[in-house]
Every structure is written in C-alpha cells, then in structure tokens.
Amino acid sequence: MEQRALILIEGHPRDTGLRYVQAAQRLGLRPITLSAHPTQYDYLAAEKLEAIQVDSGNLDALIRECSRLSVRYDIAGITGFAGNDESVSATVGKLCQHFDLPGPDPISIERCCDKYTQRQLLAEADVPMPAYRLAANATEVQSFAAEVGLPVVLKPAIGSGSIGVRLCRNVEEVAEHTNHLLGGDLTQSFPILVEEFAQGPYYCTHIMGNEVIGIAAADFSPPPHFVFHQCICPAPLSDDEHRRIADLSLRCLRALDLGWGPTNIELRWTRRGPVVIEVNPRLSGGPLSVQLAYGIDLISEHIKLVIGDEWNLRRRHSNVAAWRALLPDRDGILDWIDGDGRAAAIPGVTEVKLYAKPKTPIVRKGDYRDSIGYVMAASPSRAGTEAILQRAVDLIHWSITPFPTPAGE
C-alpha cells in the first residue's frame, strides 16, 4: 500500500514549518517539501525530512515534480507557506485544482494578496477601512499623502510580514521611505499603497473556513515600524465588541470570496469602531496561542481539511495565552544571550524560543525578522498569564556590541 504524502510548497524558517511536518507525521502522513532553496529551512535537515529542490515559482515544474512523486506515494494533499510576497498561496490553489485535491480558490487568493485589489473589493462591500490610494511613483506618493492627510502608512501593494511597511509622520519621512521602497531610483514605477493611519487598539481574528475561532489583541514596538511586541489570546473585549469584530471579519470573507481553510484578519478599533487593516488568506504567525487558549490545533485541523478528512474545531478548554517577542534595541554582533532555561522552568511558561545564536550579526529591518526569540505563557486568567510572562522575560538577557563606525564618520 502506497504511503500517503503531504506535499509542502516551500517551508517556514522559524517555527510554523516544523509544526506542520510534525502534525503531518502525527496524522500518518509523509511530509515532502518542494523548495527553490530547501537548505534555508534548518528543520528539514535536522529532522531528516525529504526535500526536493524545484523552482517553486514555476507551476509547470511543480506539476511535473508532484506527478513524479505520485508514482511512489499517494499524494493526500498539497499546501504551503506564504513567502514575503504570499504568491505561494495562489500556487498551492492551482496545484490542488490540477490534481483534483481540496484547496483554496487561486483566483480569490490572488485578488486578496494584491492589497489594492483587496481594498477595492472590501470597499464595494462597504467594509470600513482606512482611507487609501495606490501610487505608481514618487510624485504620486507625495500627492496622495497630502490628500489622505499625515501621518500616513506606506507599504508595498504586495507583501507580508510588515516588510516595507512604515508610518510616515511628515513629508520628509514620506520622501525617505518612498526612496527606500523604490530602491533609490525615484524614476521607476512601483505600486505603493498610501493609507490613513488608523489609530486604536490592534486585533487579529483567527478564522478556519467560515468559523471565527478566536480574536487576539497585540501591540507593536515603537514606531515608525510595525514589529509585533506582544500578543494575548483571547483579546480583552466586551461581548458587543467581540460580536462586532467577528461580524465584520465574516463580511470580509464574503466580500473576498474566501472561506476555505485558514484566514486571519487584522483590524484596529478606532473612533468609528473596528476598521479592517488587512485580510490574509492563511494562518497567522501565532497558531500556538490559539491552541493554548482553546485547545484547537489549527495546524492539524488545516492539514485534515487539505487531505479531505473531517476536522474538529470544538473548543476543549478556556485559558488566556500570551507571547512576547524578544526585540533587540540596536544593531551589532550578538555577544551572548542567556536565561532561556530559567525562563522555561517557570510554571505556566509553555515555550521559550531563541532564533539568534551568539556571535551572529543583528541587523534590524523593521519587520518580523527583527525578533531574536519569544516567550509564551498560558494560565486560566489574563492577570496570571501576564505576570508569568513578565517574570520569564525578565530572566532573559543579552549583549550586543555595535558594529564599528566607519572611519571618518
């Protein structure tokens, strides 16, 4: 009897990729990763997992490789991981259609991953959002920033992980970040979203299929970038606030023709109530917090959907889970980092993860890659979880030696 295989298009350089392969193995599947550069995912070699080098941006190449694998395995399902431009998600949908496997609608995914097209579709459905414009060049960015009104958020029209996203508080910062996004060539054309800065608490809705699983709250490191600092699940919301966010999130699914598999929706609660910042047709970066809070393993349930099995989204318990990112305050060489063992030993701490090793360079980019680790905790109460988390974080210390200043500066 052929072994059932789960094909994973690309991987995830931090925790999510490993969690997927482990969940697949628990379900009796053989995880096989197809990647343009499989060596970038350390867990593949560490766990002795099968990985095949193939151009993951070439649909025909992926079809050929999956067809070749189907001779040896029963391909039970295909899924993958969004990269910096989220294009893999649409590719997965096309592969699933080709092999007649359960999967997302690639057309809906492509429209959703284009932030401007997403905004237009949401606007047609009267979904409340920040004011926005799509600029094609530096001149239009300056003009639209004036129209929308400072401060504004500038971001690439396609991308994820807060890469290239910045709050610009004056015309000088607008010009500076525009220059950055255009790679220093102000004559080129590049789609940039110019958005009103929606001020208010940040929330993220976790959805599977058409069901709201939970709503988390998060905050960020100091501006101008949007680097997640801490997240707590479930968010401290009144029943009415929870209902309004959940209803708005489901309106987004209908407007974007989503509703298959995982979605996470980012919102801000402003003076006019909840407004939608972004819809992402994938799991958020923190499915473990949902599992700790409710006992629902979104990764395992997603895989069950992918392979056509029946899923179970029933809540098994009710806790408060939270994580805190470990964010460096300077660039340089990481001399040492310690305390993770002591932090992990505290009752209620569920995980301590360090991404950076001593003697490696730290270069902050203003996005999710700035985190050098995180601490996660859970308990029956919000106050208890926050106290556990703070106690654990206080035990972790590191030292960074700044890079030498070039002569003459």
Side-chain angles (χ1 to χ4, degrees), residues 15-16 19 198-208 211-222 226-250 262-271 273-277 280 283-299 301 313-327 339-340 342-353 368 371 373-396:
D15 307 300
T16 305
R19 295 190 198 283
Q199 300 187 53
Y202 168 96
Y203 300 101
C204 177
T205 308
H206 299 276
I207 297 175
M208 189 66 80
E211 184 171 339
V212 173
I213 305 300
I215 300 171
D219 56 35
F220 300 90
S221 62
F226 296 89
V227 180
F228 283 106
H229 173 244
Q230 180 170 304
C231 180
I232 190 163
C233 181
L237 295 166
S238 68
D239 289 345
D240 180 64
E241 290 168 338
H242 187 282
R243 178 189 58 78
R244 290 179 64 182
I245 290 176
D247 289 349
L248 180 56
S249 298
L250 294 176
T263 307
N264 75 85
I265 300 178
E266 301 177 69
L267 311 97
R268 293 268 192 175
W269 194 284
T270 69
R271 287 180 296 179
V275 300
V276 174
I277 303 301
N280 303 297
L283 284 181
S284 74
L288 184 57
S289 60
V290 174
Q291 185 175 353
L292 292 170
Y294 303 121
I296 303 173
D297 182 351
L298 292 180
I299 290 177
E301 302 309 323
L313 301 179
R314 179 178 58 84
R315 295 184 180 184
R316 293 166 178 82
H317 57 244
S318 180
N319 285 323
V320 177
W323 57 261
R324 176 92 54 85
L326 305 175
L327 300 173
D340 52 309
R342 295 190 300 275
I346 295 175
V349 171
T350 60
E351 191 166 51
V352 177
K353 182 77 172 182
Y368 78 98
S371 172
Y374 67 85
V375 179
M376 182 168 287
S379 82
S381 73
R382 180 185 178 192
T385 297
E386 290 178 338
I388 294 167
L389 189 61
Q390 188 63 55
R391 182 182 168 200
V393 169
D394 287 343
L395 291 173
I396 301 176

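Residue numbers start at 1 and run along the sequence shown.
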Within 6.0 Å of CZ in R391, more than 12 heavy atoms from elsewhere: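 Count not over threshold, so no.
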Is R271 atom CZ crowded by more than 12 heavy atoms from other residues, nucleotides or ligands, each under 6.0 Å away?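 Atom CZ in R271 is not packed in, count stays at 12 or less.
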Answer yes or no: is there a side-chain heavy-atom contact under 4.5 Å between [X] and [Y]?
X    : Y    : value
L298 : P262 : no
K353 : M376 : no
I232 : E386 : yes

Report the residues that fulfil salt bridge (charged side-chain N to carboxylate O under 4.0 Å, His left out) with [X], sequence neighbours left out, ordered by chain and then residue number.
X    : answer
D247 : R243
E266 : none
D340 : none
R19  : E351

For F226, give me all partners under ring-ring contact (aromatic ring centres under 6.0 Å, His included), at least two apart in sequence or on another chain. F220
Distance in Å, [X] [atom1] paired with [Y] [atom2], rounded so as to fall on 0.5 Å steps:
X    : Y    : atom1 : atom2 : result
L327 : Q230 : CG    : CD    : 11.0 Å
D240 : I245 : CG    : CD1   : 10.0 Å
L267 : I277 : CG    : CD1   : 7.5 Å
I265 : L248 : CD1   : CG    : 7.5 Å
S289 : H206 : OG    : NE2   : 5.0 Å
L283 : L288 : CG    : CG    : 12.0 Å

Going by distance alone, is a donor N or O of one side chain under 3.5 Å from an acceptor N or O of the other, for R324 and Q390? yes
Tell me whether S249 contacts the main-chain N or O of T205 through its side chain, where contact means a donor paired with an acceptor under 3.5 Å. no
Using atom types as modelled and distance alone, determine if a side-chain donor or acceptor of T385 lies under 3.5 Å from a backbone N or O of S379. yes
Contact summary for [X] and [Y], nearest pair of heavy atoms:
X    : Y    : value
T270 : A198 : CG2-CB, 4.0 Å
S284 : P287 : O-CD, 3.4 Å
V375 : A392 : CG1-CB, 3.8 Å
I388 : A377 : CG2-CB, 3.8 Å
I213 : M208 : CG1-N, 3.9 Å
V320 : P234 : CA-CD, 4.2 Å

Name the atoms and distances for all side-chain donor-acceptor pairs under 3.5 Å in residues 290-297, with sequence neighbours left out.
residue : atom : partner : partner atom : Å
D297    : OD1  : I299    : N            : 3.2
D297    : OD1  : S300    : N            : 3.2
D297    : OD2  : S300    : OG           : 2.7

